[in-house]
Amino acid sequence: MTLEIGGLTVRFGGVTALSEVDLTVRPGELVGLIGPNGAGKTTLFDCLTRRRDPVAGRMRFETGELGGLAPYEVARRGIARTFQHLGLFPGLSVRENVMVGAHRHGRSGFGAAALRLGRSRREEQQIRRITDGILEHMDLLPLADHPAAHLPHGTLKRIEIARALAVRPRLLLLDEPISGLGQDEAADIGRVIQDVHSASGAAIIVVEHHMGFVMGLCDRIVCLDSGRKIADGPPDRVGRDPAVIDACLGVAP
Ligand SMILES: Nc1ncnc2c1ncn2[C@@H]1O[C@H](COP(=O)(O)OP(=O)(O)OP(=O)(O)O)[C@@H](O)[C@H]1O
């Protein structure tokens, strides 16, 4: 199993954001995580990436527990994520933004890398090779030296995925990858995710409100509502589940 979550519970004061959530993800699985606003989807990603501490529960990734790790250690273990609101550095070039992700492969750290000393210079070259390979694969190489600021929203979404891929993840967490995109750009991101999935073999969890998109893309759908898991299964079954239809009513079809 790639990921095993058991009894995960998170509270914010009186609000229970996640309530005894169990979830397993097999290697290479493409899972859609759906649910209405406030269901707990982002909180689940925050727990997995150690930005948020659960009050109870276990999270196991491959052979190790995630609880107690620092966020940077999660990336080193092979988990990468993108953010609902883009987490790019607007002043850095496209290549530099992606290199931030690739730095988990360097052992000398940012300080030595900045000074370009000894081993770190070789690491820097290796990181640049990894980065440019990803940029080329995602048709972003012509934009490599362009500042991330002012690029179209769909391109920024692709750069975020490229940066997550630079971690060479075995588990990729995508938080609303098509939010704010038009139909063509959303279809483009769908192709990128499918391509990444088949090329990398990584397990992927996609949080998305667009039900048609996520149902068409994923092998399996998990639905949260008010912090509880209310459905888990193949898209056609979950899509017909009255509890899911009830919870997600009003979500764009
Ligand atoms: N930092 C916080 N402080 C207090 N409450 C929070 C905090 N973050 C999330 N919550 C609450 O926890 C619950 C789950 O929120 P979360 O953002 O995980 O939901 P979500 O499913 O990702 O929603 P959306 O689809 O709107 O992004 C909500 O009730 C939310 O108001």
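Both counts, for ligands and for their atoms, begin at 1 and track the order of listing.
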Salt-bridge contact E73-R76 (side-chain N to carboxylate O under 4.0 Å)
no
Nearest non-hydrogen protein atom, atom 26 (O) of ligand 1:
N37 OD1, 3.0 Å
Between E176 and H209, is there a side-chain heavy-atom distance shorter than 4.5 Å?
yes
Regarding D22 and K229, does a basic nitrogen lie under 4.0 Å from an acidic carboxylate oxygen?
no
Taking only heavy atoms of R52 into account, list the atoms of ligand 1 that are under 4.0 Å away from them.
1 (N)
Is the shortest distance from atom 28 (C) of ligand 1 to a protein heavy atom below 4.0 Å?
yes
Is ligand 1 less than 4.0 angstrom away from at least one heavy atom of G35?
no
Among all the protein's non-hydrogen atoms, which is closest to atom 16 (P) of ligand 1, and how far away is it?
T43 OG1, 3.6 Å
Reported CZ-to-OG distance for the pair R170 and S200, which is rounded to 0.5 angstrom
11.0 Å
Which protein heavy atom lies closest to atom 19 (O) of ligand 1, and at what distance to 0.1 Å?
G40 N, 3.2 Å
Looking only at protein heavy atoms, which one is nearest to atom 21 (O) of ligand 1, and what is the separation?
K41 NZ, 2.7 Å
Rounded distance [0.5 Å steps], CZ in R77 versus OH in Y72
10.5 Å
Does an N or O anywhere in F12 fall below 3.5 Å from an N or O of ligand 1?
no
Find the distance between CD1 (I134) and NE2 (H137) and round it off to the nearest 0.5 Å.
9.5 Å
Which of the atoms of ligand 1 are close to A39, meaning less than 4.0 Å from one of its heavy atoms?
19 (O), 20 (P), 21 (O)
What protein heavy atom is closest to atom 17 (O) of ligand 1, reported as residue, atom name and distance in Å?
T42 CB, 3.9 Å
State the atoms of ligand 1, each with its element, that fall below the 4.0 Å cut-off from a heavy-atom position in A17.
12 (O), 13 (C), 14 (C)
Heavy-atom protein neighbour under 4.0 angstrom from atom 31 (O) of ligand 1:
no
Which protein heavy atom lies closest to atom 14 (C) of ligand 1, and at what distance to 0.1 Å?
G38 O, 3.3 Å
Report yes if some N/O of V15 lies less than 3.5 Å from some N/O of ligand 1; otherwise report no.
no
Greater than 12 external heavy atoms within 6.0 Å of E65's CD
yes
So CZ of F61 and CD1 of I79: to nearest 0.5 Å the spacing works out to 4.5 Å
Is there side-chain contact between T2 and P27, with heavy atoms separated by less than 4.5 Å?
yes
